[in-house]
Each structure stands twice: as structure tokens, then as C-alpha cells.
Trainee: 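After the C-alpha cells below, expect a handful of questions from me.
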There are 2 protein chains.
Amino acid sequence: MIGKTLSVETCDCNVIHEDIVNKVKGQMPPEETLYDLAELFKVFGDSTRIKILWALDEAELCVCDIAFLLNMTQSAISHQLRALKQAKLVKNRREGKVIYYSLDDEHVKRIFEQGLIHIREEK
Amino acid sequence: MIGKTLSVETCDCNVIHEDIVNKVKGQMPPEETLYDLAELFKVFGDSTRIKILWALDEAELCVCDIAFLLNMTQSAISHQLRALKQAKLVKNRREGKVIYYSLDDEHVKRIFEQGLIHIREEK
DNA sequence: CAAACATATGAATGGTTGCTCAAGTAATCA
DNA sequence: TGATTACTTGAGCAACCATTCATATGTTTG
């Protein structure tokens, strides 16, 4: 019997659907992978970061270019670039005082495209 | 001259990079599209919702199946299903007392795949 | 070297979000 | 009809997050 050692409430469905539920359980990727996936999408889940990524897909830019482009504070942009860098979506190089940022992943645009397909379907 | 009517601080880069910045500005999708994209990815940016979507990609399941599968409260799952339904990622049908949920978008898996490619590249 | 410039960083803050708990709806069953 | 089952919903709360503000770092320039 399924559901005997369960710590949360359940209904009879689990018994009825035992086979399906077990099958699904067996095909789920490891917990850690799903967590990492969520962490990645969390980075995409902010319009400021989306805009930064989109801009950097068009050209290499410095922090103040991006700040100007998005009409935002350099500090705010810097904080977000930090998040993008930690997610390994963005890299940077120094040229004197100026730090240029660019995409560190060629298929960021492909993730965007998949998202756009969904949005457009919603009408 | 660029940057004259600007509401936030800028540096000389904007003048130097004027052409590039203008080019990028011209190629950015409308504000609203980028906002919608972020809203969509926000939905993917939670491991509980990722797990639910993954499970539903394997089989149609009722709320308590999912709650059992993820070892979580029916209430918690129900709240998340609501978010997924609002994002038009999930649909449901009633069969007596039981409500079955399934994916409402065939390429959810494709979005996952693009994300996984990135994660795997990180090593 | 001091001043100016480009960016980073830490603390503080207001807003959001995911879960819990308690109560509610909706269908079935006895 | 009243009890039970499956699910939903709203309020409440703790944790998180994006921006701001003040300050710090690193580089060039005079």
C-alpha cells in the first residue's frame, strides 16, 4: 500500500492511481536538477534582467550604457549584473575605467524564443 | 547629443557609445513583451511548480496525487496549480469529486530542455 | 598625489511570494 | 439529508528580492 509512511494528508486517489504515481515518480529528474532549473528561471523572471540580457544579445555594453538604455540607476544595474554573472549568463572584461559586459551563453535567445512562443499562443 | 533629457546619472560612455546604444534601443522588443516574458519565467522560477509541470508532462494527475508525489499539502499544491493555470500552462477537468490536471502547452518540455542545456554547461 | 570617473558593494526598505491554517464549495455516498 | 471526500480560497506570516542610498574600490588624469 502506498501512502503509509506519508507525512502529509492524502486521499484514496493515491491508492487508485498508485501505478501512475509510481511511474511518474520514477521518471522525475533528481531533486537537485529541478532545483537548479528553478534557480535559472528565477533569474529570467525579472523584467530588468530580461532587458539586460536582450540588450547584451545585441551588443557588448558597459554598465552605464545599460543604465542609460533602461533609464535606471547604475547601482541597480550593477546589482542585477551580479546576479546574471552568478548564473553564468553574463561575463565581463575591463578596459581602463570601463567594464564591458556581454553574454556568456549563446542560447539565451533560444530560451527567450521558447517563452515568446507561449506568450504569443495566449493571444 | 544623447543623454540630455535623462532622469538618471550617466557617464561619458553614452556619448561615446551613442551609435551602439541607439542601435540596441531600436532592436529591443516592446516593453510589454519583455514584461510578459519575465512574468512567464517567474512561473518557472519555483521548484515546486517545476516539479508539478514535470509530473504533469508524464501523466494527467489529480491534486492529491501531486501532493503525495511532492510530499506537500494539498492546499500548497492547489495554490501553485492556480498560478500555473493563470499562466495557461495547465488545464483541468472534473470527474466527480476528483479534478484532474494536465499540461495546456506542448512545449513546456522544450523550455525545460533549453534551461537544462545551460545548467549542464555550468558543469 | 588629489580629483574625477566607472563601477561595486552593504545596509536598509518596501513590495512580493510560498506556505500554513482555517473555513468554504462541490460532488458523492450512506 | 448529513457525513465524507476532494479541492479551493483568503488571511496571515516569514522569507526573499529589487531598488535606493551611502560608501568603497579601482583606474585614469592633471
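The structure displayed is predicted, hence computed values, not measured ones. Numbers restart at 1 for each chain; the letters A, B, ... are given by sequence-line order, proteins then strands. Values below: every heavy atom of this structure, side chains too, minus hydrogens, waters and symmetry copies.
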Trainee: By nearest atom, which of the nucleotides dA6(D), dT19(D), dA6(C) is closest to the K97(B) side chain?
Mentor: dA6(D)
Trainee: Give a yes or no on whether a salt bridge exists between R110(A) and E113(A), defined as a side-chain N under 4.0 angstrom from a carboxylate O.
Mentor: no
Trainee: Are any of T73(B)'s side-chain N or O atoms less than 4.0 Å away from OP1 or OP2 of dT20(C)?
Mentor: yes
Trainee: Is the backbone N or O of A38(B) less than 3.5 Å from a side-chain atom of R49(A), with the two atoms forming a donor-acceptor pair by type?
Mentor: no
Trainee: Within this structure, what is the CD-to-P distance between Q74(A) and dC5(C), rounded to whole angstrom?
Mentor: 12 Å
Trainee: Between E95(A) and I16(A), who's closer to the 5' end of DNA chain D by nearest nucleotide?
Mentor: I16(A)
Trainee: Could you check whether K42(B) gets within reach of a base, just the sugar-phosphate, or nothing at all, counting any heavy atom under 4.0 Å?
Mentor: sugar-phosphate
Trainee: How many whole angstroms separate atom CE of M72(B) from atom P of dA6(D)?
Mentor: 19 Å
Trainee: Base, sugar-phosphate, or nothing: which does Y101(A) touch, judged by heavy atoms less than 4.0 Å apart?
Mentor: sugar-phosphate
Trainee: Salt-bridged, E121(A) to K88(B), with N to O below 4.0 Å?
Mentor: no
Trainee: CD1 of I77(B) versus C1' of dT8(D): gap in Å, rounded?
Mentor: 14 Å
Trainee: Side chain to side chain contact (heavy atoms under 4.5 Å, CB included) between L53(B) and V90(B): does it pass, once the steps are laid out?
Mentor: CA-CA 8 Å; L53(B) 288 171; V90(B) 145; 4.0 Å; yes
Trainee: Start at the 5' end of DNA chain C and walk down; is the nucleotide closest to Q80(B) or to R94(B) reached first?
Mentor: Q80(B)
Trainee: With centres under 5.5 Å and planes under 30° as the test, does H79(A) stack with dT19(D)?
Mentor: no
Trainee: Round to a whole Å and report the spacing from CG of L70(A) to P of dT20(D).
Mentor: 12 Å
Trainee: Between dT7(C), dG18(C), dA18(D), which one does the side chain of R49(A) approach most closely?
Mentor: dA18(D)
Trainee: For the pair made of CD1 in I99(B) and C1' in dC7(D), what is the distance, rounded to whole Å?
Mentor: 5 Å
Trainee: In whole angstroms, how far is the P atom of dT17(C) from the CG atom of D46(A)?
Mentor: 11 Å
Trainee: If you only use heavy atoms from C-beta on, which nucleotide in dA6(C), dC7(D), dG10(C) is closest to the side chain of S75(A)?
Mentor: dG10(C)
Trainee: Check the distance between dT17(C)'s P and L84(B)'s CG and give it to me in whole angstrom.
Mentor: 14 Å
Trainee: Could you check D65(B) against L69(B) for side chain to side chain contact (heavy atoms under 4.5 Å, CB included), going step by step and ending with a plain yes or no?
Mentor: CA-CA 6 Å; D65(B) 285 339; L69(B) 201 65; over 6 Å; no
Trainee: Grab the CZ-P distance between R82(B) and dC19(C) for me, whole Å please.
Mentor: 15 Å
